[in-house]
Amino acid sequence: MNGYPEYMRESLKKVAATRPKRLELAKKGLKNFLKPMTAEEREEVLSKYHPDYHKEARKKIRIGPNKGELLTSKVVDVLESHPRINPDEIELGEPDYDTDVLIIGGGGAGCMAAIWARMNGAKVVIATKLRLGDANSMMSQGGMQAAVNPHDSPTIHYLDAMGGGHFDNKPELVKVLTSEAPMITKFLMELGVMWDRTPDGHLQTKPGGGTSRRRLLSARDYTGAEIMRVLRDEVRNHPEDITVLEYLPAVELVLDDEGKCAGALLFHMETGEYVLVRAKTTIIATGGFGRLHIAGFPTTNHYGATMDGVVLAYRAGAKLLYMDSVQFHPTGAAYPPQILGFLITEKIRGFGGQPVNKDGELFVYPLEPRDVEASAFIRECAEGRGIKTPDGHVGIWLDSPIIELLNGPGTIEKAFPAMLRQYRRFGIDIREEPMLVYPTLHYQNGGIEINEWGETNVPNLLVAGEVSGGVHGRNRLMGNSILDYNVFGRRAGIRAAELAKKTKIGKLTLDHVRRYEEELREAGIKTKRVAPILLPEYRNLKILQKHRKEFDPFLPAGL
Amino acid sequence: MDTQIEEKLIPIYILSKKYYVPEGSTIITAMEYAGFKLKKGVGCREGFCGACASLYRLPGDYKLHGGLACQTVVQPEMQIVQIPFAPAEKKVYNIDELTPDIEPFKKYYPEVFRCVSCNTCTKICPQELEVMDYIQAVIRGDLELAVDLSFDCIMCGLCSVRCPAEMPQHLIAILARRLYGKYMMPRAEFLEKRIKEVEEGKFEEEFARFMSMSRDELKKLYYERDINFDIT
C-alpha cells in the first residue's frame, strides 16, 4: 500500500493549487471570510444530514427506568437484551474481594477515581475488562480544555460548552467542569504530565471546534496517552490500597436487600470463572459505545467500548439521560482502508488545517462544534463534492500541509508525531499531502444521569466519565472529555470514599436481574441477544459456520 | 468493520497453523478473518495503547521482527505470535520525594546501567523510537533528551522482552518523563492565579447570571459572543 491511488491525483493537484489563496485568508483570519454558522444554519445542516436525525435513528424503549422514551435504536436493542447470567444459577456466597470502593473500568475516569478515593482513606478495587489503561482515554489525541489564559475564563468556557451541547447540558455539571479545569491542569502537572509549553515557557493553548478562545492544552498528539500512562503509573504506586483486577469485566451489579449497590459480579472471559466483589460503594467508569457501530459507521473507539456500564446500571434501576444522541467526529480517516474510521485529531484544525472538497474549495468554517462540522462534511459528500475511495467510501480532504506554511517547517513532526507515523506506515506524508476524511462514530454524548458528585439515583452507585450523561448535553466539544473524566473521576472517588465510611452492606442479591427478565417477558420482547456485550464481533462468521448446521455468535458456544 | 478489503487471499501462519487471509489485512483483522475472537492482545486498534505487540518472522529472513498487530500489514508466509503482556516489575515510588536526576534510577532501576549498547531495543520498537539512545541518555543523567526521545512510547514492552540486559525500558522512560514533567518544565505562573481566582469566587456572580438565564437568553448570548484566537 503506497500513497493515494492515481485517479485522486487530479483532485490533489487542485488542493495544492488553491493552497496559496487559502493560506492568505487564514493569515488574515479565516472567520472574517468564512463565517461560523448562525443558529438557523446549524439547525438546517443538522436536521438534514446528522445521522441522529435520520428517521430510523431512534426508537422507543419498552422497559426500565426510561421506559417510553426515544433512544438511539442500537442502544435500545442492547438494553432490551437478556442478562449473561441466570441469577438462580449463581451462589452469592463469600466474596472473593471485600473493599470500600469498587471501580468498574480501568481507563482515565477509573484511575482518577481510584487515586482520589485512596487519598480520602478508601481501599479500592479496580476491575477492568482488558488491561489497566486500555481505554478511549489512551487514544485521545488533541487535548484538554481549561481556561488558563487571562483573556479566557471558566464562564466563557461554560458558555462555549452549553452552546456546543445545544443548551441541553445540566448547568450545575458544566459549572463544576469548567471551574475545576485549572485545578485539574495543575494536579496532572504535579503528577508529571508534560503539557506542551510555548518557547517562553507558558502553557501552550490552541483553539478547538466550538471554542471562542485558545483553550486547548495538549501533549504533542499523544495527549490522552500521556495522561493515561501517568495516571496508570500512579495507580500502580499504591498496591497496598489499590488492587487492580485485569481481564475481569463486570457482568452484573450486585445490590443489597435495601437496594443499595453493593459491588459486582465479574467474569473471566478465558476461564469462565466468576469473581464476586463486595463493596460499600461502586463507581462505574466503563466508557462509551463506539463499538456498537451505530448507523453502520466505523469508529474511533477502543475495542472494549461496548456500553457495558450503561447496561449494568440500567438493570439496577439507574436513569439515563440523552441516550438519544451520538457524536460523530468530523475527521475520521476515509483512506487507506486499514485505518478506516480512525481518529484524525481535531488539533489538526486547531493548528490551521482546512477541510476542502474535491476541487480544493473551503466549504465550512473549520472549527464549528463537532456535530455541525460533521454534518457539513456529510452534506458536501452527499452533494457530489467528495472523493470516492477504491472500496466505496467517500471523503473530503483535510489539508495538513498548510499547517507548516502557517506555523513554520517542522511543526507537524513536533506537534503531530502520531498522525505523521500513522500515515507514513501507508506511504503518505501528511506534510506534503492532505488526509482523506469522513465522519466517524466517536463519543457517547449521553449516559447514566449524575449529580455534581457523580451520584446516580441508585444509592451507593456512582458514575464517572463517558458513561455518564448530562455534562455535554447532546454534543460534546473537543477537549471536554479528558476534562470530564478527570473532574468527575476525582469527584466520584472523593464521594465514594466518604459514603463508604458510613455504609453498612446488607444481604447481597441479584433480584434486580430477575425483575429485569420479568420486564422483558411482560413487554413481550423476544430476542437472543445478551448484554453486556463485553467484546464486539468481528470474526469471519463464514469460516466459523463451516461444518455447523447453526452458528450463533451470541450464544455461549459462540464465545 | 476495520477493513473492507475483499481481494486476493495470502497464506500466513498464526500459532503455526496456516490460514488464508485477505491481502492488505493487518495482523488483527487477519486473525479475526481466521476466526479468532480476541480476548487479549488487542486494545485501541489504532496504534495508541500498546496492547497488541506481536512478533513475527518472514521466509528467508533470519530476523525476529516486532510490530503492533493493529498497524502491521500481513505478508505472505509470515509467522505470527502475539505478546499481550510483557512481564516487568514496576517499582513503587513516591514522585513527590524524588529528585529529577540520576538518583531515582540508581535506586529503582539500577539494571539500566547494565545496558550493553546492543541496540536490540531500538530495532524492535514498533514506534521506531531510539530506545537505546534514551536509555544511554538516562545513564548520562540527561533527562531532557531521554524524555524527548521516549515521548511517543506506548509502553508495549517489546524492548524489555528483547533486552539482553533485561531492563524494563518503558518503565524507566515513564519515570524519566514524570520527573521531567513535574520538576523540570517551566511553571505555569498564571495558572496559580487562575486557580486562586476560582477559589475566591471571582466567577460566581457571572455563573449565577448565566445559570439563571432562560434558554433563549443564553442562546442569544452564545451566538453573539466574541470569538478571538489572537489573544491569550
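Worth knowing before you read on, the calculation uses all heavy atoms, side chains too, and leaves out hydrogens, waters and symmetry mates. Chain letters run A, B, ... following the sequence lines, proteins first, then strands; residues in each count from 1. Given the structure is predicted, the values throughout are model-derived calculations rather than measurements.
Electrostatic pairing of B/Arg177 and A/Asp233 does not count as a salt bridge here, judged by no charged N lying under 4.0 Å from a carboxylate O. A salt bridge does not link A/Glu226 with B/Arg178: none of the charged nitrogens is closer than 4.0 Å to a carboxylate oxygen. A salt bridge is defined here as a Lys NZ or Arg NE, NH1 or NH2 lying under 4.0 Å from an Asp or Glu carboxylate O, and B/Arg194 with A/Asp152 fails to meet this definition. The pair B/Asp152-A/Arg421 meets the salt-bridge criterion, since a charged nitrogen lies less than 4.0 angstrom from a carboxylate oxygen. Using a 4.0 Å cut-off between charged side-chain N and carboxylate O, A/Arg213 and B/Asp230 make no salt bridge. A salt bridge does not link A/Glu234 with B/Lys90: none of the charged nitrogens is closer than 4.0 Å to a carboxylate oxygen. The existence of a salt bridge linking A/Lys175 and B/Glu204 is confirmed by a sub-4.0 Å separation between a basic side-chain nitrogen and an acidic carboxylate oxygen.
Checked by atom type and distance alone, the side chain of A/Lys31 pairs as donor or acceptor with a backbone atom of B/Ile227 at under 3.5 Å. Distance alone, capped at 3.5 Å, is enough to place a donor-acceptor pair between the A/Tyr303 side chain and the B/Leu38 backbone. Here the side chain of B/Arg215 pairs a donor or acceptor atom with the backbone of A/His166 at under 3.5 angstrom. Looking only at distances, a side-chain donor or acceptor of B/Glu46 sits under 3.5 Å from a matching main-chain atom of A/Leu343. Counting only distance, with no hydrogens or angles, the side chain of A/Arg131 and the backbone of B/Cys49 share a donor-acceptor pair below 3.5 Å. In this structure, the side chain of A/Arg539 does not engage the main chain of B/Lys37 through any donor-acceptor pair within 3.5 Å. Checked by atom type and distance alone, the side chain of A/Arg197 pairs as donor or acceptor with a backbone atom of B/Pro186 at under 3.5 Å. Put simply, the side chain of A/His151 gets close to the backbone of B/Thr232: a donor and an acceptor are under 3.5 Å apart. Of the possible polar contacts, none joining the A/Asn540 side chain to the B/Ala34 backbone as a donor-acceptor pair under 3.5 Å is found.
Proximity to chain A (any heavy atom under 4.5 Å) is shown, for B/Glu197, by neither the backbone nor the side chain. If you measure heavy-atom distances from A/Met162 to chain B, the contacts under 4.5 Å come from the side chain alone. Within the 4.5 angstrom heavy-atom criterion, no atom of B/Leu175 approaches chain A. Heavy-atom distances place no part of B/Pro100 under 4.5 Å from chain A, backbone and side chain included. Proximity to chain B is absent for every atom of A/Lys546, based on heavy atoms less than 4.5 angstrom apart. Proximity to chain B involves both the backbone and the side chain of A/Asp168, based on heavy atoms less than 4.5 angstrom apart. With a 4.5 Å cut-off on non-hydrogen atoms, A/Ala305 does not touch chain B at all.
The side-chain heavy atoms of A/Arg291 and B/Arg45, taken from C-beta on, include a pair separated by under 4.5 Å. Side-chain contact between A/Pro239 and B/Val92 is present, with heavy atoms from C-beta onward closer than 4.5 Å.
To the nearest 0.5 angstrom, A/Arg214 atom CZ is 9.0 Å from B/Phe229 atom CZ. We find the NE2-SG distance between A/His302 and B/Cys44 to be 6.0 Å, quoted to the nearest 0.5 Å. The distance from the OH atom of B/Tyr93 to the CZ atom of A/Arg236 is 12.0 Å, given to the nearest 0.5 Å. If you take CZ on B/Arg187 and CG on A/Leu203, they are separated by 9.5 Å, rounding to the nearest 0.5 Å. To the nearest 0.5 angstrom, A/Ser153 atom OG is 5.5 Å from B/Phe203 atom CZ. A distance of 11.5 Å separates CG of B/Leu191 from NE2 of A/His202, quoted to the nearest 0.5 Å.
Contact detail for A/Thr155 and B/Glu206: the closest heavy-atom pair is OG1-OE1, 2.8 Å. Across all non-hydrogen atoms, the minimal contact from A/Val148 to B/Phe190 is O-CD2, 3.1 Å. The shortest heavy-atom contact between A/Glu270 and B/Lys39 is CG-CD, 4.2 Å. Across all non-hydrogen atoms, the minimal contact from A/Asp134 to B/Ala51 is OD2-CB, 3.8 Å.
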I would like to know whether A/Val193 and B/Lys182 meet side chain to side chain contact (heavy atoms under 4.5 Å, CB included); could you show each step before the answer? CA-CA 7 Å; A/Val193 167; B/Lys182 180 175 175 70; over 6 Å; no

Go through the steps to decide whether A/Arg42 and B/Tyr223 satisfy the test side chain to side chain donor-acceptor pair (under 3.5 Å), and finish with yes or no. CA-CA 11 Å; A/Arg42 278 189 186 182; B/Tyr223 281 101; 3.2 Å; yes

Using side chain to side chain contact (heavy atoms under 4.5 Å, CB included), reason through A/Leu130 and B/Lys40 one step at a time and then give a plain yes or no. CA-CA 7 Å; A/Leu130 294 161; B/Lys40 55 183 183 312; 5.6 Å; no

Might you work through the side chain to side chain contact (heavy atoms under 4.5 Å, CB included) test for B/Val198 and A/Met183, ending with a clear yes or no? CA-CA 9 Å; B/Val198 173; A/Met183 176 269 287; over 6 Å; no

Would A/Phe167 and B/Tyr222 count as a ring pair (Phe, Tyr, Trp, His ring centres under 6.0 Å) here? Give the steps. CA-CA 10 Å; A/Phe167 309 95; B/Tyr222 172 77; 5.7 Å; yes

Side chain to side chain contact (heavy atoms under 4.5 Å, CB included) for A/Tyr538 and B/Thr29? Distances and angles first, verdict last. CA-CA 8 Å; A/Tyr538 295 127; B/Thr29 54; over 6 Å; no

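Among A/Thr38, A/Asp160, A/Asn301, the residue with the largest count of heavy-atom pairs under 4.5 Å with chain B is A/Asp160. Comparing A/Thr185, A/Leu191, A/Val174 by heavy-atom pairs within less than 4.5 Å of chain B, the highest count is held by A/Leu191.
Under a cut-off of 6.0 angstrom, the local environment of CD in A/Glu240 is crowded, with over 12 non-hydrogen atoms contributed by other residues, nucleotides or ligands.
Between B/Phe207 and A/Tyr158, the ring-plane angle classifies as perpendicular under the 30° and 60° cut-offs.
By the 6.0 Å and 45° rule, A/Arg229 stacks over the aromatic ring of B/Phe151.
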